[in-house]
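Atoms within a ligand are numbered from 1 in the order they appear, just like the ligands themselves. Atom set for the values below is all heavy atoms of this structure, side chains included, hydrogens, waters and symmetry mates excluded.
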Amino acid sequence: MAKKPASQMDVIVSLCKRRGFVFQASEVYGGVGNTYDYGPLGVELLRRVKDAWWNRVVVERSDVVGLDSAIIQHPKVWETSGHVGGFSDPMVDCKLCKGRFRADKLEDARCPEKPSKRPGECAGELTEAREFNLMFKTTLGPVEESGSVAYLRPETAQGIFLNFKNVLESARQKPPFGIAQIGKSFRNEITPGNFVFRTREFEQAEMEFFVPPGEDQQWFEYWREARYRWYVDLGIDESKLRIRDHEASELAHYAKATSDIEYEYPFGWGELEGIANRADFDLTRHSEASGTDLLYFDPQTKERYTPFVIEPAGGINRMALTFLIDAYEEEQLEKDTRVVLHFHPEIAPITVGVFPLVKKDGMPEKAKEIEAELRRARLATFYDEKGAIGRRYRRQDEVGTPYCITVDGDTLSEDVVTVRHRDSMEQEKVPVADLREYLEEASRRWVRPAPKG
Ligand code: ATP
């Protein structure tokens with residue numbers, strides 16, 4: 001693909017707003033810092049990413065089942081998990097500009113007054129680092145008192161551990177098996193930023209895979225590879241993807257091993273998803289603290305044990321942003337430049353654009369008929385009859401629509417349409433009766449286009 005311009009994040013942010021992927025939240029009131037709403041195309045992109053994840057992790061497997069647990073759990077859950085005591089980031093303040101920064105991420109931070117400098121490298125002096133807990137507190141019920149304090153979950157994983165026994169008993173599973181969940185998590189991040197990369201409210205996709213102790217290392221390696229493969233299968237450029245194993249000093253208190261799948265963003269390498277071997281930490285702690293034993297009894301071997309847990313944990317919004325950045329290309333053509341998002345057809349918000357060549361001779365009616373047929377087949381379509389046909393193709397390229405269908409004179413006389421492919425811009429005549437099958441086959445065979453140079 002062509003070289004990406006230096007200010008690629010600005011280009012992406014502006015495309016997202018212009019075409020209805022992402023808007024600033026509460027914009028009419030001046031916005032809330034680093035909080036975003038997803039527009040018509042953004043919400044479709046998120047849905048496709050969630051579906052692609054759920055299909056791969058749950059639907060295609062017989063050993064993983066789903067769950068949707070509550071955002072607000074018993075406050076003791078977060079004491080037991082270690083979040084009340086330890087889910088914090090070190091924070092420093094600038095004594096001069098009063099800016100707040102994560103002490104462990106100063107490398108990536110900029111002084112708000114002198115963006116060419118890092119905090120502490122300008123005239124301002126930084127305070128000593130102190131720990132700042134990232135959980136959002138709220139109160140349950142009508143009386144605000146200390147006894148009614150609750151937390152918005154900072155991860156979806158704990159809801160899964162709490163339901164280990166319920167699922168085990170109701171879903172006829174036994175280790176090795178997994179429980180998957182997609183849902184909102186909340187973290188009062190000290191320095192949210194880089195658009196939707198780090199926000200205080202975001203969606204996570206997590207799966208806890210429970211295995212007999214001793215099988216944990218092999219399953220850790222399995223999920224590390226499987227999750228990496230998912231990104232590659234959905235078209236992510238492998239030269240921008242890497243797996244980074246955590247050093248022992250970097251490991252979270254619950255983890256025996258962790259690997260991050262990282263992507264090279266315009267602002268540098270960043271975590272896209274983490275895969276952790278959480279050993280038996282969570283089930284043991286919840287068993288001890290709640291008094292409910294969360295062991296597994298194997299009726300065949302008569303063994304009773306606490307399963308080890310392998311956890312792939314990713315962020316849906318961060319995945320969607322990554323797919324957007326990775327798909328973006330400004331392609332140099334003979335006469336001009338075209339902006340195109342080379343989304344995998346499975347995650348493209350719109351699958352087919354449907355256009356009448358001209359707004360007369362019964363073409364709009366025929367085009368609408370074809371569009372309705374495709375919609376009934378659950379294909380995401382967009383009907384457009386305004387402007388020159390080339391312009392209409394370009395508008396769809398910019399939002400990553402893989403196919404456009406044009407209804408012309410041949411459609412009326414011979415029942416064939418022109419299918420135009422986003423990546424190659426090649427056009428092909430296809431009988432209307434074969435359209436659905438043709439599009440499904442093209443999507444199945446999609447491969448990431450080679451760089452145009
Ligand atoms: P970081 O070190 O970037 O703060 P983390 O290691 O705390 O992230 P995890 O707790 O492993 O992140 O969360 C799993 C995934 O959830 C991350 O890989 C990321 O995709 C997503 N995620 C975490 N925090 C945020 C956030 N503030 N905004 C958006 N996505 C997030």
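- Between Asp326 and Arg448, at least one side-chain nitrogen of the basic residue sits less than 4.0 Å from a carboxylate oxygen of the acidic one, meeting the salt-bridge criterion.
- The residue from Glu311, Arg187, Arg318, Glu206 that puts a heavy atom closest to atom 19 (C) of ligand 1 is Arg318.
- The distance from ligand 1 to the heavy atoms of Glu189 drops below 4.0 Å at these ligand atoms: 24 (N), 26 (C), 27 (N).
- In this structure, Asp397 pairs ionically with Arg420, as a charged nitrogen and a carboxylate oxygen lie closer than 4.0 Å.
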Chi angles and distances behind the ring-ring contact (aromatic ring centres under 6.0 Å, His included) call for Phe197, Tyr265: CA-CA 10 Å; Phe197 179 83; Tyr265 295 93; 5.0 Å; yes
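- The shortest N/O to N/O separation between Val196 and ligand 1 does not fall below 3.5 Å.
- Ring centroid separation for the pair His253 and Phe281 comes in under the 6.0 Å cut-off.
- Each of the atoms 13 (O), 14 (C), 16 (O) of ligand 1 lies under 4.0 Å from some heavy atom of Gln204.
- Counting atoms of ligand 1 from 1 in the listed order, those under 4.0 Å from a heavy atom of Ala313 are 14 (C), 15 (C), 18 (O).
- For atom 3 (O) of ligand 1, the nearest non-hydrogen atom from the set Arg198, Lys105, Glu271 comes from Arg198.
- For Tyr231 and Tyr263, the ring centers are positioned 6.0 Å apart or more.
- No N or O atom of Arg200 sits closer than 3.5 Å to an N or O atom of ligand 1.
- Interface of Arg102 with ligand 1, defined as ligand atoms under 4.0 Å from a residue heavy atom, comprises 4 (O).
- Ion pairing between Lys105 and Asp89 fails under the 4.0 Å rule for side-chain N and carboxylate O.
- For atom 22 (N) of ligand 1, the closest heavy atom belonging to the protein is Phe202 CE1, 3.5 Å.
- Ligand 1 lies less than 4.0 angstrom from a heavy atom belonging to Leu272.
- Among Trp219, Tyr296, Phe177, Phe308, the one residue that satisfies the side-chain contact (heavy atoms from CB on, under 4.5 Å) test with Phe210 is Phe177.
- Residue Phe197 approaches ligand 1 through these ligand atoms, each under 4.0 Å from one of its heavy atoms: 28 (N), 29 (C), 30 (N).
- Residue nearest to atom 26 (C) of ligand 1, selected from Ile190, Thr199, Thr191: Thr199 (by heavy-atom distance).
- Both cation-pi conditions hold for Arg242 and Trp269: the charged atom is under 6.0 angstrom from the six-membered ring centre and inside a 45 degree cone around its axis.
- Look at Glu203 and you'll find every heavy atom at least 4.0 Å from all atoms of ligand 1.
- Ring geometry, Phe195 versus Tyr36: the interplanar angle exceeds 60°, so the pair is classed perpendicular (tilted spans 30 to 60°).
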